[in-house]
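Structure, as structure tokens:
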Amino acid sequence: MSVLRQNKTWEISESENDSDAEKVIDLAPDEKLDDSNRGACEVDCKDASETSSQTSRLSAPPPSGTRTPSPAKKRRSKEEIEADRERAKQRREDREKQREAKAKQKEERRQEIQRRKQAAETLKSLKPENCLKCLTVCIDPVLLQHEGADILLDTLCELDWRYRVDGQQIPHSITWTRELLQQVEAGQGLVEEEHVLQVLTLTDLLDVLISVKKMLDNEEDELEGGVLLRPLLECLNRDAKKEVTLLVMDSQAEFWSKAFVGYGLGETLQSIGVKYMDMEEVLVYLQLNKNISLVFLDGWQGVANHVCAVTKALSKRPFKLLTDQVELPFCVDGSWASGVRVEKDGSGLKQVWSRQIQQLNRVSPAVAAAVTEAYPSPQLLLQAYQSLELEVMRKGLLAPLTVKTEDKERRVGPDISSRVYRCFTAQNPQLVLD
């Protein structure tokens with residue numbers, strides 16, 4: 001047996017419920033243990049070691065630092081809860097307003113795009129090449145009974161133009177209808193043009209003229225005219241904007257055209273008792289009071305050519321009317337049309353001064369540059385005029401200035417110098433500078 005002379009101590013950590021006590025085993029150095037006591041001691045040490053390891057595994061790890069307990073949650077008052085609800089409600093309303101504003105802006109952009117698209121489509125449809133496809137030539141079926149009327153139909157077919165044979169209000173007439181693509185859904189897709197052609201023979205023309213002459217001499221009612229004149233006057237009374245052209249188609253059309261302009265009367269007029277002055281009076285009355293003009297043609301080929309010319313003119317009319325709506329149609333597009341921009345620091349004033357001088361007749365940019373180089377502002381030019389005593393010297397102040405061009409150099413001259421002087425010093429607003 002050996003004697004244990006060392007004190008050994010085992011400490012057991014506290015459990016969660018603080019029920020276990022610390023176990024300490026002391027061995028006196030001088031105490032002698034036998035084998036049985038030594039065995040019992042080893043068993044006790046083994047048990048204590050196992051208990052210590054098990055307790056250390058079950059116990060929580062020691063804190064790394066000092067922990068403060070969490071404060072108790074403060075209860076909100078009813079006013080605070082109500083204020084939070086109001087703020088949440090306000091935020092929801094703001095989000096809703098922002099959403100509505102974005103939706104409104106999106107709708108406005110969509111409508112603006114739609115308006116631009118419609119405007120572009122309208123402008124495209126008004127171009128002559130597209131407008132020509134919307135025109136339809138309406139021919140009175142009575143005209144097709146004349147020999148040679150197929151020339152007109154063949155010409156329209158060759159040009160691939162639309163035509164329709166339909167009864168007209170004015171007999172022996174040719175009219176035009178225009179299809180408006182933007183108003184088809186509204187039931188206003190067809191618009192009748194104001195121009196009307198009435199094809200007459202030489203005999204028909206004489207009947208019309210004699211009827212008008214009798215109406216003027218006897219002061220008869222317009223409704224008592226002849227078979228051809230009455231429907232014509234009735235149509236003009238319903239729509240005063242109609243423009244009627246009488247197409248006289250006959251082999252002697254050239255002779256009759258000369259007769260009506262004063263080259264001679266001919267035996268035919270004398271045989272029926274019609275005077276030249278009477279015909280002139282009738283034609284003037286028809287043109288001034290009824291907006292009826294007279295054209296002499298040679299056969300149906302001349303009629304077909306005239307119909308084609310009128311059709312092309314009608315196709316160009318909408319686009320011309322659109323361009324005439326500009327406020328200043330005489331101003332062409334160019335860099336000068338928008339004027340000169342003057343900045344806050346005064347840059348651009350010299351160019352404005354140069355443009356002002358160029359408004360005078362026969363003043364080129366080179367001449368204006370020479371004047372502005374010598375006198376950079378209108379005030380300096382006026383001061384120079386005031387410093388001179390004689391009128392002749394004032395008028396010739398700018399004459400010796402040198403004008404530099406690409407080819408040569410020349411002077412401003414007394415003419416331009418005098419006109420510039422009158423422009424800036426004259427008190428009469430009605431003064432003619434040239």
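Since this is a predicted model, take the numbers as computed values, not measurements.
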Rounded to the nearest 0.5 Å, how far does [atom2] of [Y] lie from [atom1] of [X]?
X	Y	atom1	atom2	answer
Leu286	Glu281	CG	CD	10.5 Å
Leu247	Leu197	CG	CG	5.0 Å
Leu135	Trp161	CG	CH2	9.0 Å
Glu158	Asp160	CD	CG	11.0 Å
Ile292	Leu232	CD1	CG	4.0 Å
Lys214	Leu229	NZ	CG	12.0 Å

With no hydrogens and no angle check, is any side-chain donor or acceptor of [X] less than 3.5 Å from a backbone partner on [Y]?
X	Y	answer
Arg411	Val403	no
Ser387	Ala384	yes
Gln198	Pro171	yes

- Item | Of Arg178, Arg238, Lys242, the residue whose pairing with Glu192 passes salt bridge (charged side-chain N to carboxylate O under 4.0 Å, His left out) |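 The residue from Arg178, Arg238, Lys242 that satisfies salt bridge (charged side-chain N to carboxylate O under 4.0 Å, His left out) with Glu192 turns out to be Lys242.
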Is there side-chain contact between [X] and [Y], with at least one heavy-atom pair below 4.5 Å?
X	Y	result
Leu380	Ser377	yes
Ile174	Leu152	yes
Asp239	Glu194	no
His195	Val244	no
Leu144	Val165	yes
Trp300	Asn305	no
Val212	Leu216	yes
Leu294	Phe296	yes

Return the minimal non-hydrogen interatomic distance between [X] and [Y], and the atom names on each side.
X	Y	value
Thr155	Ala304	OG1-CB, 3.9 Å
Glu243	Arg317	OE1-NH2, 4.4 Å
Leu388	Met393	CD1-O, 3.5 Å
His306	Leu297	CB-CD1, 4.1 Å
Ser417	Val412	N-CG1, 4.4 Å
Asp166	Pro141	O-CD, 3.3 Å

- Where do Leu209 and Leu205 land on the side-chain contact (heavy atoms from CB on, under 4.5 Å) test, with the steps shown first? CA-CA 6 Å; Leu209 297 180; Leu205 175 63; 4.0 Å; yes
- Message: Regarding Glu96 and Arg99, does a basic nitrogen lie under 4.0 Å from an acidic carboxylate oxygen?
- Response: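 A salt bridge links Glu96 with Arg99.
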- Task: Using the side-chain contact (heavy atoms from CB on, under 4.5 Å) rule, take Val137 and Ile139 through it: C-alpha gap first, then chi angles, then the decisive distance, then the call.
- Result: CA-CA 6 Å; Val137 183; Ile139 305 173; 4.1 Å; yes
- Task: Take Asp207 and Leu228 through the test side-chain contact (heavy atoms from CB on, under 4.5 Å) and record every step on the way to the result.
- Result: CA-CA 8 Å; Asp207 292 340; Leu228 296 175; 5.5 Å; no
- Query: In terms of ring plane angle, is the pair Trp353 and Phe424 parallel, tilted or perpendicular, where the classes change at 30° and 60°?
  - Reply: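 Judged by the thresholds at 30° and 60°, the geometry between Trp353 and Phe424 is perpendicular.
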- Message: Using salt bridge (charged side-chain N to carboxylate O under 4.0 Å, His left out), reason through Glu112 and Arg116 one step at a time and then give a plain yes or no.
- Response: CA-CA 6 Å; Glu112 182 66 21; Arg116 291 182 180 179; 3.3 Å; yes
Would the number of heavy atoms belonging to other residues, nucleotides or ligands and lying under 6.0 Å from [atom1] of [X] be above 12?
X	atom1	result
Gln287	CD	no
Glu389	CD	no
Glu391	CD	yes
Glu343	CD	yes

Do [X] and [Y] have a side chain donor and acceptor closer than 3.5 Å?
X	Y	answer
Thr175	Gln168	yes
Gln358	Ser354	yes
Gln98	Asp94	no
Trp176	Thr311	yes

- Query: Would Lys104 and Glu107 count as a salt bridge (charged side-chain N to carboxylate O under 4.0 Å, His left out) if you check the C-alpha gap in whole Å, the side-chain angles of each, and the deciding distance to 0.1 Å?
  - Reply: CA-CA 5 Å; Lys104 185 178 180 181; Glu107 181 65 20; over 6 Å; no
- Query: Could you walk me through whether Val363 and Ile416 pass the side-chain contact (heavy atoms from CB on, under 4.5 Å) check?
  - Reply: CA-CA 7 Å; Val363 175; Ile416 296 178; 4.0 Å; yes
- Sequence neighbours excluded, which residues qualify as side chain to side chain contact (heavy atoms under 4.5 Å, CB included) partners of Ile81?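 So Ile81 forms a side chain to side chain contact (heavy atoms under 4.5 Å, CB included) with Arg76, Arg85.
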- Task: Tell me, with the steps shown, if Glu179 and Lys133 meet salt bridge (charged side-chain N to carboxylate O under 4.0 Å, His left out).
- Result: CA-CA 9 Å; Glu179 182 180 356; Lys133 302 176 183 178; over 6 Å; no
